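Before any comments, here is the structure.
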Amino acid sequence: AEINAFIHPDAELPEFTSAQTEQYDGRSINVESMEIVDRTETMVKVRTTVVVDTDERRLTDTAVHELRKADGKWKMYDTE
């Protein structure tokens with residue numbers, strides 16, 4: 001799945017399967033808010049609230065994501 005390109009190579013996060021990403025096809029996914037809660041030269045922690053609209057309901061998820069640089073690009077390293 002293309003989303004795996006955004007995962008840091010040293011992260012212990014599982015890769016997304018095509019089946020997992022296909023469940024979001026045609027859905028409205030919006031980042032409602034984003035706030036930096038911690039940062040250093042090599043790491044940033046961002047609190048995000050994401051809203052997913054499905055046919056049946058609206059799902060809201062708030063989480064803190066740790067990003068680290070890999071090849072000069074910020075990539076997902078961990079999620080709290």
Side-chain angles (χ1 to χ4, degrees):
E2 290 178 34
I3 193 164
N4 291 321
F6 296 99
I7 297 176
H8 193 284
D10 296 334
E12 294 184 17
L13 297 172
E15 287 196 350
F16 289 91
T17 65
S18 294
Q20 288 173 310
T21 58
E22 286 173 4
Q23 69 182 335
Y24 293 100
D25 284 352
R27 306 245 194 266
S28 172
I29 303 171
N30 295 294
V31 177
E32 190 172 84
S33 66
M34 187 176 349
E35 173 191 11
I36 295 173
V37 294
D38 191 14
R39 99 176 119 188
T40 68
E41 288 184 26
T42 59
M43 174 277 301
V44 64
K45 288 188 178 182
V46 181
R47 179 180 296 112
T48 60
T49 299
V50 176
V51 177
V52 179
D53 287 314
T54 70
D55 295 333
E56 304 84 34
R57 60 188 172 157
R58 172 176 266 206
L59 306 170
T60 303
D61 181 52
T62 299
V64 175
H65 305 285
E66 180 178 334
L67 290 82
R68 294 187 184 183
K69 282 194 174 183
D71 297 323
K73 296 180 181 179
W74 291 104
K75 298 197 175 206
M76 185 76 66
Y77 185 78
D78 196 13
T79 297
E80 297 175 10

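Bear in mind the structure is a predicted one, so any value in this text is a computation, not a measurement. Residues: numbered from 1 along the sequence shown.
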- Query: Does Val31 belong to the same Ile/Leu/Val/Met/Phe/Trp/Tyr cluster as Val64, with side-chain heavy atoms less than 4.5 Å apart forming each link?
  - Reply: no

- Query: Should Phe6 and Tyr77 be counted in the same cluster of Ile, Leu, Val, Met, Phe, Trp and Tyr side chains packed under 4.5 Å apart?
  - Reply: no

- Message: Under the rule for salt bridge (Lys or Arg N to Asp or Glu O under 4.0 Å), what residues qualify as partners of Arg57, not counting sequence neighbours?
- Response: none

side-chain hydrogen bond (donor to acceptor under 3.5 Å, both in side chains) against [X], all qualifying residues, sequence neighbours excluded:
{"X": "Thr60", "value": "none"}
{"X": "Thr54", "value": "none"}
{"X": "Asn30", "value": "Ser28"}

- Task: Considering non-hydrogen atoms only, spot the tightest contact between Ile7 and Pro14 and give its length.
- Result: CD1-O, 3.9 Å

- Measuring from Thr48:OG1 to Met34:CE, what's the distance to the nearest 0.5 Å? 7.5 Å

- Query: So how far is it from Arg58 CZ to Asp53 CG, rounded to the nearest 0.5 Å?
  - Reply: 4.0 Å

- Query: According to the salt bridge (charged side-chain N to carboxylate O under 4.0 Å, His left out) rule, which pairs have a member within residues 61-79, sequence neighbours left out?
  - Reply: Glu66-Arg68

- Enumerate the residue pairs fulfilling salt bridge (charged side-chain N to carboxylate O under 4.0 Å, His left out) with a member in residues 11-35, sequence neighbours excluded, ordered by first and then second residue. Glu35-Arg47

Could you list the donor-acceptor pairs under 3.5 angstrom formed by side chains in residues 36-46, with sequence neighbours left out?
unit_1 : atom_1 : unit_2 : atom_2 : d
Thr40  : OG1    : Thr42  : N      : 3.3
Thr40  : OG1    : Met43  : N      : 3.1
Lys45  : NZ     : Glu80  : OE2    : 3.1

- Item | Short side-chain to backbone donor-acceptor contact, Asn4 and Phe16, under 3.5 Å | yes

